[in-house]
Amino acid sequence: LATVCRVAGNLVGAGAVFAGGEATAKTKAGITQARSCDGYGTDALFVYPVLVRRCRLCYNRGWNFLPKERAGMDEVQVRRATLDDAPRLLEIYAYYVERTVITFEYEVPTFAEFRRRMQHTMQRYPYLVIERDGVVQGYAYAGAFVGRAAYDWSCELTIYLDANARGGGLGRRLYTALEEALGAMGIRNLYACIGYPDRDDEYLTQNSARFHAHLGFEQVGLFHNCGFKFDRWYHMIWMEKIIGDHPSPCPAITPYTAL
């Protein structure tokens with residue numbers, strides 16, 4: 001009895017082991033070599049249906065290849081946001097405006113303004129949400145970098161998670177999905193503008209910079225004491241990740257709505 005991992009068609013069955021990105025599976029026909037799982041792999045033993053764990057790439061992307069009750073995991077999915085998500089997303093964002101310097105915004109935007117921002121972004125770029133058991137736990141989107149035509153192949157990323165959902169791997173899954181969507185559009189360069197303190201305090205830590213570095217971003221700029229909030233000055237850093245080559249001529253970007 002066997003099933004197939006949705007990442008790359010990996011065959012997973014009784015006695016199948018993923019180790020170092022290589023899988024073998026015993027089937028009635030004998031031993032079948034399955035394709036590697038993009039080099040991620042895991043040391044978990046797959047014994048279907050008694051004990052099953054997802055390969056690491058599946059885990060990072062929130063994908064299950066078995067029913068929830070068998071996998072024993074929360075149901076997590078990344079999907080396109082809709083304007084109907086606006087109330088929940090504004091609820092998530094309000095926490096960061098009122099209690100942190102993760103955003104330099106002072107006042108929580110009105111519902112109408114927040115919805116207008118979403119609609120503007122959705123005209124060209126991906127706007128994604130991540131759900132756990134049907135409840136939105138965070139969102140991420142891309143936007144124009146500077147806004148001039150020559151910058152079309154670059155974009156700026158934004159991510160916010162519910163304050164109680166941080167640290168559980170949801171941010172990584174959401175960012176991975178966003179990066180893949182941007183790559184499909186033809187985007188080459190990703191940028192993140194991040195508030196940065198001299199030292200961690202109750203309003204801002206260096207966790208966002210560490211999160212981006214863990215995902216392959218590198219710091220390329222530091223603006224000193226450029227943001228003032230809660231009666232304190234904060235730095236801002238730019239981080240960059242290159243996800244594509246830079247040919248000349250370069251094909252035009254495909255809007256996300258056209259994918």
Side-chain angles (χ1 to χ4, degrees), residues 59-63 73-145 155-182 190-197 200-215 217 227 229-230 232 234 236-237 239 256:
Y59 176 81
N60 288 340
R61 295 179 182 177
W63 292 344
M73 304 289 290
D74 291 338
E75 186 66 36
V76 175
Q77 69 164 339
V78 176
R79 62 168 175 82
R80 296 189 185 200
T82 72
L83 294 178
D84 290 338
D85 294 312
R88 172 60 175 150
L89 304 193
L90 181 56
E91 177 186 12
I92 292 171
Y93 182 61
Y95 170 87
Y96 292 94
V97 175
E98 296 173 338
R99 301 181 60 178
T100 81
V101 189
I102 291 176
T103 172
F104 280 11
E105 195 158 18
Y106 277 17
E107 303 292 335
V108 177
T110 65
F111 174 75
E113 169 59 17
F114 190 84
R115 191 176 184 277
R116 185 200 64 78
R117 295 178 188 180
M118 289 182 64
Q119 195 167 31
H120 175 74
T121 298
M122 291 174 176
Q123 291 174 0
R124 182 174 176 85
Y125 295 102
Y127 204 124
L128 307 178
V129 299
I130 189 165
E131 294 180 331
R132 183 168 56 201
D133 293 334
V135 179
V136 172
Q137 299 294 326
Y139 65 98
Y141 60 88
F145 178 69
C155 64
E156 181 181 349
L157 277 55
T158 299
I159 183 171
Y160 290 101
L161 293 181
D162 183 280
N164 297 314
R166 293 174 294 181
L170 298 183
R172 182 185 185 93
R173 300 188 208 184
L174 188 54
Y175 240 37
T176 297
L178 182 62
E179 180 180 323
E180 290 176 350
L182 293 168
L190 307 181
Y191 293 95
C193 178
I194 301 169
Y196 194 80
D200 292 358
D201 63 25
E202 66 269 36
Y203 302 117
L204 186 64
T205 70
Q206 297 177 4
N207 286 344
S208 183
R210 288 190 283 266
F211 167 77
H212 283 82
H214 186 65
L215 294 180
F217 285 75
K229 189 173 181 181
F230 300 130
R232 299 178 189 180
Y234 292 92
M236 182 269 286
I237 63 174
M239 299 190 74
Y256 186 61

Sequence-distant partners of Glu113, side chain to side chain contact (heavy atoms under 4.5 Å, CB included), two or more places apart:
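In terms of side chain to side chain contact (heavy atoms under 4.5 Å, CB included), with neighbours along the sequence ignored, Glu113 is linked to Pro109, Thr110, Arg116, Arg117.
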Any idea which heavy atoms bring [X] and [Y] closest together, and the distance?
| X | Y | value |
| --- | --- | --- |
| Met118 | Thr82 | CE-O, 3.5 Å |
| Thr121 | Ala142 | CG2-O, 3.2 Å |
| Gln137 | Ala165 | OE1-CB, 3.4 Å |
| Gly168 | Arg173 | O-NH2, 4.5 Å |
| Leu161 | Gly171 | CD1-N, 3.6 Å |
| Asp201 | Thr205 | O-CG2, 4.0 Å |

More than 12 heavy atoms of other residues, nucleotides or ligands under 6.0 Å from CD of Glu107: is that the case?
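Counting other residues, nucleotides and ligands, CD of Glu107 stays at 12 neighbours or fewer.
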Is the number of heavy atoms from other residues, nucleotides or ligands within 6.0 Å of CZ (Arg80) greater than 12?
yes
What distance separates [X] [atom1] from [Y] [atom2], expressed to the nearest 0.5 Å?
| X | Y | atom1 | atom2 | result |
| --- | --- | --- | --- | --- |
| Met239 | Ile194 | CE | CD1 | 5.5 Å |
| Ile102 | Tyr95 | CD1 | OH | 7.5 Å |
| Cys155 | Tyr141 | SG | OH | 12.0 Å |
| Asp162 | Leu170 | CG | CG | 9.5 Å |
| Phe114 | Gln119 | CZ | CD | 13.0 Å |
| Leu204 | Tyr196 | CG | OH | 10.0 Å |

Is there a donor-acceptor pair closer than 3.5 Å between any side-chain N or O of Gln206 and the backbone N or O of Pro197?
yes
Is the backbone of Thr100 close enough, under 3.5 Å, to the side chain of Lys229 for a donor and an acceptor to pair up by distance?
yes
Is there a side chain to side chain contact (heavy atoms under 4.5 Å, CB included) between Phe230 and Glu202? Walk through the geometry before answering.
CA-CA 10 Å; Phe230 300 130; Glu202 66 269 36; over 6 Å; no
Between Tyr234 and Tyr203, is the gap from one ring center to the other below 6.0 Å?
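That pair fails the under 6.0 Å test.
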So His212 and Leu157, do their side chains get closer than 4.5 Å, heavy atoms only?
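Side-chain contact under 4.5 Å: no.
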Residue pair Glu179 / Thr176, side-chain heavy-atom distance below 4.5 Å
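Glu179 vs Thr176: side chains apart.
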Under the criterion ring pair (Phe, Tyr, Trp, His ring centres under 6.0 Å), which of Tyr160, Tyr139, Tyr106, Phe104 is the partner of Tyr96?
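Of the listed residues Tyr160, Tyr139, Tyr106, Phe104, the ring pair (Phe, Tyr, Trp, His ring centres under 6.0 Å) partner of Tyr96 is Tyr160.
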Compile the donor-acceptor pairs under 3.5 Å between side chains in residues 122-132 and protein atoms, sequence neighbours left out, one pair per line.
| from | atom 1 | to | atom 2 | distance (Å) |
| --- | --- | --- | --- | --- |
| Glu131 | OE1 | Gln77 | NE2 | 2.7 |
| Glu131 | OE2 | Arg79 | NE | 3.0 |
| Glu131 | OE2 | Arg79 | NH2 | 3.0 |

